[in-house]
Amino acid sequence: MNTRKTGRRLSVTVLVLLATILVFSFKLVDIQVVRAAELNEQSLGKRSVAVPTYGVRGNIVDAGGVLLASSVIRYDITASPKVMYALADPTNTKPIDPATEIAELAEATGETVETITASLSANPESDFAYVHKLGTLEVLEAVKALKIPWVYSEVHPSRSYPNGAVAGNLTGFIGTDGPQAGMELDYDSCLAATNGSSTYEKSKDGVRLPGSTVTTKEPVDGGTLTLTINSDLQFYTQEQLAAQALKVGADWGTAMVVRVSDGAIMAAADYPSVDPNDVNGVPNTALGSLAFSTPYEPGSTFKPMTAAMAIDQGLADAGTQVVAPGRIYFPNGQYIKDVWAHSDIRLTLAGVLMNSSNTGISKFSDMMSQQTRYDYFRAFGIGVKTDVGFPGESAGSLRPISEWDQITNYTVGFGQGVSATSAQMASVYQTLGNNGVKMPLTLVKGCTMPDGTVTDTPSSAGVQVVSEYAADQTVLAMETIVSKGSLRAQLQIPGYRIAAKTGTAEVPENGVYGNDRIVSVAGMIPADDPQYVVIVTLGKPDIMKTSAAAAAPFKNIMTQVIKTFRVEPSPEPAPDVPTTW
Amino acid sequence: MTNSTRQTPTEPAKQIIGVRRIFAMETANFFLLLGTTLFLVVFGLVMVLSSSSIESHVQNNSFFTAFLKQLLYAGVAIPLMLLASRMPTRFWKRMARPAILLGIGLQLLVLTPLSYEYGGNRNWVTFAPGVNLQPSEFVKLALIVWIAFVLTRPGADDTDWKRYFTPVGAAGLVSIGLVLVGRDLGTAVILLFIVFGTFYFAGVKLRYLLTSGAIIGVLGVMFAFASQSRTDRINVWLNGCTEADYLKDCWQQMHGTWALASGGVFGVGLGNSKAKWSWLPEADNDYIFAIIGEELGLIGAVVVLLLFVVIAISFIRIIRANTDPFARIVTSGVMVWIIGQALVNIAVVVGVLPVLGVPLPLISAGGSSLISSLLAIGVVLSFAREHPERKAPGIELTPAERSRLAAVERSRQR
C-alpha cells in the first residue's frame, strides 16, 4: 500500500469535503435566510387555519351608568367532521365510536343527536361544522369534560339585557342577523365592534399547535352608548303605564318624561313593550317604541299650542275674553261642538283651556291666518320627526293648508284631523315649559369610544318658537286645569304647582269617528319654573274612555319624578287666574 | 502496555492500578473521535426525543416511546463501542471472514418470510416480536473489514485481479445485490460508496476506479429510470416541485424545506418544531436534519455539519497516525460510510440529491444503524489506541505531535 498516494488522496478528500460542506451551507443560507419568508408563506398556506376573533360590542347604559345592554361571552361548539371520520377509521389501532361521542355531545349541549349528526355529515371532508351555537360557560365546560378530540370551541360574544324589559323598547335587540330595533340599530356604528382575525397552525391531523396563534388583525371593541334616561324612573314609568293600561283595558299606551331645560328624555315607556331577552314574547308591532312610531290624533292636548301662538302674535293673553258658543255651524251643515252641551258661555283663554272648549279655542284660531297657524305648528315640531330619529319614527301628519277644509280649519286647533306621536307632544310641552325655546329632543347623551373619545353628543341649539311671555302665559292658563279643573282631585300634588292639559281624542275608524278614544294627560312640574314634562297616553281604553284614565299614572309618575330628581316644592300656591267673565 | 509495574515508595493497591490501566491516557485522536461521537449521539437522543414525541404520542399515547427505544439502543451501542475500542488489530483481522459470512447470511434472511417491509423496502428481519434488525447496516462494517483484510494480505498487489478483486467483488456484489432485492436503494448507494471509497483510499489505481465507476454509473441510471416512482422522484428533483406534485413526490421534500425555512438563523427553539406535528414523514429519521434546522436554526444546522467535519478530521488523523495498512483501510472505509452517509442524508434534506432514504448516522432514530455505526467507530478507536511511538521510522512528527507524545508518555509513567 502506497502511503504517499493515500496521503494525497486524503488531502483531496478533505478539499472535496470542505467544498461539499460549503455547498450545503450556501444551500442552508438560501433556504433559511434568503428564501425563508417566501417559503414560510407557502407553508402557512398549507398549515394555517384562520379564525375570527371577536371585538366586544359596546354597552348601552343609562345616564347614571346602569347597564341596559351588555355583551356576554358565549361559546360556539364546533367540530371537525374530517378528523372525526379519520379517527373512526376501523383500520386504526384504536378507532373511536362516533355515535357514542355524538350522544354525549348531544347531552352536554342540549342539541339532539339528529341535528348534530346532520351537521357533521353535511360535508365529511370539512374541517368545520357547528355543533351548538352560543352556549354558556356551563355548556362549554360540559363539552370540554368529554375530551372529544374532534370537538372545538370558539368564543362568540352575545348580547344580554340585564334589566330585562326595562327600556327594552329603547335599547332594541340583536337578532341573528345583527341589530334589529331601537338604539342597537340606530347607533350600531357606535356600538358595533370590528372583528379581528387570527390564524393558528395545525398538525396534519388537525391538532392546534401550541404557540402558533398569530393575530393578523386586532379586533376593535365597540363604544359605550349612554342614554339620557334614568333606568329607575324608566322602570317605574313602565310599571305605572302597564298597570293602568291593564286596568282600563287599553290597547296600547305610552308615557314619557322629558327634562325641560335640554329636551333630554328621562323615561319613555310603551305598553306593550318588548323584553329584548325574549323578543318573541310580544307582538311584532311592539318591538320598537310606540312613543316614536305611532302617531295618533292627540285631541285637546293641542290646545295650548293654539293658545301660545295667539299670545305670541300679541292677540291674547291668559285673561283674554271670548264667548264660546255651544256649536259652530258651517254652511254645509257640519258643526263643531264641545263635549258637554251648553249655550254661549263667557270664558277667558285660561277658561277655554280649563274647560277644554273646542268652540272657545276656535275663536282664538279665528284670530290668525291659516298660514300663521300652520307655521307655528311646524315650528312646534308637528309633522316633523323629532331630533331623536328613533328607528321607525313617524313624523305624524299635518296636512298643508291647501287641504284644510272649513272644519279642519278649526279642528287642527284642538288636535283632530292632525296626528302626532307622543314624542312630538312631549317636545311641544317641553317648548312651552322652557320659555318658548324648543330644545332638540334627545335620547342619547353620547357614545364613548374605547379610546375615550366621545361622539354623538346632542345638539344644545334651541329654537325660540314662541316668546317667553307667550309660553309663560300658556303655562299659567294650563295651571287652572290642575287647580280648578274637573280632574283636579286626581292631578294635584300637595306643595307643587302643576300645569297640565288633558286630551280625549276620537279615533277615526275607516274615516269615521267612532266610539274609541285615545286619552292623554300632558303637563309639567313645577308650573312656576317647569323642570320636567310628563305625558301619558292610553289608546282605546275599554272601561274609562276619558282622560281621567291617564290621570292616575300621570300623577304617580310625576310624584316619582319629584322623588327621583328631588324637585323642590313651589314657594307659592298657584295664582288665581280668572276663567270666566 | 509497559506502565504501572514500576515500584514507588508508596505502592498503590492492585485495584487502583487496575483502574488506572482502564483509564490510562489514550491518544488525542482517540478522545477527539470518542468525544465528538458521544456528543453527536447525545445530541441525536435529544433531537429524536423532540422530533418523535408527537407521532409517538399519536401512535402509542406516550411522548417517550421512540425516545426510550433509542435510549436503549444507545445504552447497548456505547458499551459495545468502548468494548470494541479495547480490541487489538489482529482480532479484527481474524474476524474479517466470519463477519462477512455472517453479514451476508443475515442479509439472505431478507429473502425469507422472517423479513418484513417498512417504508417501501424489505430490508428488515425480525427474530422475535420486537427484536428487529436491519442486516444491511452490519454488512457495511463487515464489508469494510473484509475488503481491508483481502487487500492487505501478504504479497498484496493491486494488479492481481484473481487474488484480490474476486473475493472483494463477490462480497460487494452479493451484498449490494441482496440490498437491492430488498428495494433499499439508499443503502445500496451507501454500500457502493463504501466499496469505492475503500478502494480509493487503499490506493487502487484511479483508472480502474473510474472505469468501473462509469460502468456502474450507466447501470445505475438505467436502474433509476426503470421504476416509475424513482423516475418521478428524479424528475421532481431536477425540475422542482409543482402544486400537483405536492401531495405525491414533493410532500416530504417540501415539508423538509419549510421546516428549515421556519427555523431561520436562530431556530424556533428546541421542541418548537411545527413540521414534527405529523407533517414531515420520517422526522426522527431520514429528515431529522430538517428538524435540527428548524429548531436550532442555521446555526444549529451548520454546527452539525462542522461536527461531521471534525469526525472526518479525526478519522484522517487516525489514518495518518497509523502504519498498519489494514487499520488505515478500515478507518477510511468507516469514514466513507459515516461521513458519506451523513453528506448524502443532508444533501437530500437540503435538496441537492433526490430522496434516497438514508438515515443521518449517529443522530437519526434507529437501532441497527446506531449500533453498527458505533461498533464501526469502536473499531476505529481501537486503531487510535495504537501509539505514535510504534510508528515506522521515516514518518515525521510535527512539533505539536511530539509534545503531545511526550505528555502522553509522562502521564502513562506516573
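For the numbers below, each heavy atom of this structure counts, side chains included, while hydrogens, waters and symmetry mates do not. Proteins get letters first, then strands, A, B, ... in listed order; numbering begins at 1 in each.
Between chain A and the residues B:F308, B:F315, B:Y200, the largest count of heavy-atom pairs under 4.5 Å involves B:Y200. The residue among B:S278, B:A275, B:G263, B:G351 with the most heavy atom pairs within less than 4.5 Å of chain A is B:S278. Across B:L306, B:I54, B:L206, B:V349, the residue that shares the most heavy-atom pairs under 4.5 angstrom with chain A is B:L206.
In this structure, the portion of B:I339 lying under 4.5 Å from any heavy atom of chain A is its side chain and not its backbone. Within the 4.5 angstrom heavy-atom criterion, no atom of A:L44 approaches chain B. Of the atoms belonging to B:N61, it is side-chain heavy atoms, and not backbone ones, that fall under 4.5 Å from chain A. Contacts between A:E201 and chain B at a heavy-atom distance below 4.5 Å involve the side chain alone, from C-beta outward. With a 4.5 angstrom heavy-atom cutoff, B:F289 touches chain A only via side-chain atoms. Both the backbone and the side chain of B:A347 come within contact range of chain A, each with at least one heavy atom under 4.5 Å from a heavy atom of that chain. Heavy atoms of A:L17 lying under 4.5 Å from chain B belong exclusively to its side chain. Of the two parts of B:I319, only the side chain, counted from C-beta on, holds a non-hydrogen atom closer than 4.5 Å to a non-hydrogen atom of chain A. Heavy atoms of A:V29 lying under 4.5 Å from chain B belong to its backbone as well as its side chain. Using a 4.5 Å cut-off between heavy atoms, B:V58 contacts chain A through its side chain alone, with no backbone atom that close.
The backbone N or O of B:T198 sits nowhere less than 3.5 Å from a side-chain atom of B:S332 that would complete a donor-acceptor pair. A distance-only check finds a donor-acceptor pair linking the side chain of B:K276 to the backbone of B:S50 [under 3.5 Å].
For the pair A:K27 and A:F24, the cation does not sit on the ring face, since its NZ or CZ is not both under 6.0 Å from the ring centre and inside 45° of the axis. No cation-pi contact links B:R328 to B:F201, judged by a cut-off of 6.0 Å to the six-membered ring centre and 45° from its axis.
Note: B:F326 and B:F383 have perpendicular aromatic rings, judged against thresholds of 30 and 60 degrees for the angle between ring planes. By the 30° and 60° cut-offs, the orientation of the rings of B:W251 relative to B:H255 is tilted.
Checked options A:V151, A:T117, A:I148; the residue passing with A:I102 is A:T117 (criterion: side chain to side chain contact (heavy atoms under 4.5 Å, CB included)).
Side-chain atoms of B:V350 and A:F26, non-hydrogen and from C-beta on, never get closer than 4.5 Å to each other.
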Quiz prompt | Criterion side-chain contact (heavy atoms from CB on, under 4.5 Å) on A:T136 and A:R74, from CA distance to verdict | solution = CA-CA 5 Å; A:T136 59; A:R74 290 288 179 268; 3.8 Å; yes

